[in-house]
Amino acid sequence: MRIRRTTVWSLSLLTLAFATRCRDREAAPQERIVVTRTIPGGAAEEAGLLAGDRVIAFRRAANPPANPNSFARPITSCLDLVLTEIEQAPRGASELDIERPRAGAKPRRITVPLPHDLWRIRCRFETPSTAAAKLWEPLAQAQEHVDQHQKEEADPAFYRAEAAARKAQDEHLLALVLDQRSLFRIETNRFAEAIADARAAIEIRARIAPDSLELAQSHATLGLALTERRENDAALPELEGVVQVRSAQAPGSLSLAQGQQLLGRLVSRREDLERAEKLFSAAYETVLARAPESRLSGTLAMNLGVLERHRNLFDVAEAHQRRALAIFRRVDPEAPIVADVLINLSVIATQRGDLVKAEGFLRSSLDFLRERSPGGPGEAAALANLGIIQLFRADFAASETNLLAALERFEALSPNNLSSARALTNLSTVARALEANDRAERYATRALAIHRNVEPDSEILAYDLAILAEIAGKRGQVPLARQ
């Protein structure tokens, strides 16, 4: 991500452009925007917004030095509401003016302070027959399908939303559709398509909203998609840029904490655990103060649990994972991340030597994923870990079956990646135990090639060489054995 130098005048122009879009929309008769639902774990739920509330206006307090000026605007469309959440809510303390209908009486006007900037709110137009309502409706349908994890229905709804935005030549709406579809495609393991959508959104937002949090949002989406596809080197500048922009424009926000979480997860994959801990800890401090029961809080607890496991602090690690599991089961019980936590709990149980408990967690994870997200990285990880447990229990045939199934899924997601190499190394161990030396040699040779290309300093590379040397020695190939 290329970071433009942010100056006072560029931010002032951005605010002016945002306000100009508001005035343009105010020229038409004001639409009424109605809350359809609040999603658990968001600021809207915590603030007490209800389905049927009409959203009238938004205000944000000044928050120097990053945001020395206050901001206020009417809300005249659902797009306005979403873009305000992205662009203005992270910049300071915010509130919404709403009208709450009352039976047999005039609506009650209420000012609702929002506790943080991740609102998790869905809306529609009160009058569905207007042109603005019809333009928004396909995206509203797509959002509803995503919230309900209705994957087959979400895809055509997103295509309808994209077509509507293109026909209306509404680039802000089009960029939002592309960004949200990218996140949906990440969840459904279609990473190449997700990357294409995120890059298309970036191209639009870089032109119509440069130096903005709106643009940073699409860079965050791209960084996440690249991370999930194991393209770590490409993801790193994207996510570092997101943290830089949000640190400058929205210090102390959950938006910044979210960026820190994504970057921390990426650098932990690159074995930079010290930097990962700093990022996770900074984000977690913010989240615990502002949104302790949010989805983001659960994600950070999960990631901190992984770090503590690497330090062999298993009690602390398990406490983090169980807190994450409790949060996710409340705020998003159908999300694939529930299975990720179960896998993490199985790894902790394995390292403690409780293989029965570990296998139970993994089988629960597999049942969950096969019903909701088959074929993805979560299922691959669960199968790989199940294969390792069966290896420890000397159930070699079952271990090889599950490791091969994991390898097939890893390769389908991204050929010759590090997860594939780990599965191949474990397969070589299983094949040696079965005295299937030809298979063991094939597995170890492939693992060695990937490790040399992707992680040449890995200690596991030495293990691949040791397996190959052992096989060579058994065959009487002494020069090969001495390698």
Side-chain angles (χ1 to χ4, degrees), residues 1 82 86 138-167 170-208 214-239 241-242 258-259 262 265-266 269 332 334-337 339-340 369-381 406 408-420:
M1 172 182 178
V82 174
I86 295 171
L139 181 56
Q141 292 174 2
Q143 290 173 336
E144 185 66 23
H145 292 314
V146 171
D147 293 342
Q148 301 300 323
H149 301 280
Q150 298 167 340
K151 298 171 187 176
E152 293 182 2
E153 293 87 349
D155 250 333
F158 272 119
Y159 279 113
R160 290 194 300 272
E162 179 187 7
R166 291 187 185 280
K167 183 177 180 180
D170 189 328
E171 291 196 300
H172 284 280
L173 177 59
L174 177 58
L176 179 65
V177 170
L178 292 168
D179 190 84
Q180 294 198 355
R181 187 171 67 184
S182 179
L183 291 169
F184 165 68
R185 286 173 163 173
I186 292 169
E187 186 173 321
T188 52
N189 310 313
R190 292 177 291 168
F191 302 126
E193 295 171 273
I195 290 167
D197 274 347
R199 285 180 170 151
I202 287 170
E203 182 181 355
I204 295 169
R205 285 174 164 170
R207 184 176 66 257
I208 63 175
E214 191 180 338
L215 175 59
Q217 173 63 46
S218 290
H219 280 290
T221 302
L222 177 58
L224 175 59
L226 291 166
T227 300
E228 292 297 333
R229 208 182 184 202
R230 307 297 199 272
E231 295 184 26
N232 295 338
D233 290 344
L236 186 62
E238 296 292 333
L239 296 178
V242 169
Q258 193 174 56
L262 292 173
R265 180 166 169 260
L266 173 62
R269 284 189 177 183
D332 202 356
E334 297 297 308
I337 200 167
D340 294 339
L369 288 165
R370 283 169 174 163
E371 181 178 343
R372 298 166 179 84
S373 185
E379 184 182 1
E408 180 182 1
R409 287 159 177 76
F410 285 136
E411 288 291 285
L413 293 168
S414 179
N416 299 320
N417 64 78
L418 199 56
S419 296
S420 295

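Computed from a predicted structure; not experimentally measured.
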Candidate pair Leu239 and His219, rule side chain to side chain contact (heavy atoms under 4.5 Å, CB included), full reasoning: CA-CA 7 Å; Leu239 296 178; His219 280 290; over 6 Å; no
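- Remark: side-chain polar atoms of Ser182 are not paired, donor with acceptor, to backbone N or O of Leu178 under 3.5 angstrom.
- Summarising the geometry of Ile186 relative to Ala194, their closest heavy-atom pair is CG1-CB, 3.6 Å, with the distance given to 0.1 Å.
- The shortest heavy-atom contact between Arg160 and Pro138 is C-CB, 3.8 Å.
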Using side chain to side chain contact (heavy atoms under 4.5 Å, CB included), reason through Leu183 and Leu224 one step at a time and then give a plain yes or no. CA-CA 9 Å; Leu183 291 169; Leu224 175 59; 4.2 Å; yes
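- Remark: Leu215 CG to Glu203 CD distance equals 12.0 Å, nearest 0.5 Å.
- No donor-acceptor distance shorter than 3.5 angstrom exists from the side chain of Asp179 to the backbone of Thr221, with no hydrogens or angles considered.
- Minimum interatomic distance between Ala380 and Ala406 (heavy atoms only, all atoms of both residues): O-CB, 3.4 Å.
- Smallest separation of non-hydrogen atoms from Gly223 and Ala235: O-CB, 3.6 Å.
- Residue Gln141 holds its CD atom at 11.5 Å from CZ of Phe158, rounded to the nearest 0.5 Å.
- Side-chain N or O atoms of Arg229 include none that pairs as donor or acceptor with a backbone N or O of Ile195 at under 3.5 Å.
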Carefully, step by step, assess Ile337 and Asp332 under the rule side chain to side chain contact (heavy atoms under 4.5 Å, CB included). CA-CA 9 Å; Ile337 200 167; Asp332 202 356; over 6 Å; no
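- The distance from atom OG of Ser420 to atom CZ of Arg409, rounded to the nearest 0.5 Å, is 12.5 Å.
- With contacts defined as side-chain heavy-atom distances shorter than 4.5 Å, the pair Leu174/Ile204 qualifies.
- Dense packing is recorded around CD of Gln148, with more than 12 heavy atoms of other residues, nucleotides or ligands lying under 6.0 Å away.
- Between atom CZ of residue Arg185 and atom CD of residue Glu193 there is a gap of 4.5 Å, rounded to the nearest 0.5 Å.
- Side-chain atoms of Gln217 and Arg205 include no donor-acceptor pair closer than 3.5 Å.
- Between the side chain of Glu379 and the main chain of Gly375, a donor-acceptor pair closer than 3.5 Å is present.
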Please walk me through it: do Leu413 and Arg230 pass side chain to side chain contact (heavy atoms under 4.5 Å, CB included)? CA-CA 9 Å; Leu413 293 168; Arg230 307 297 199 272; 6.0 Å; no
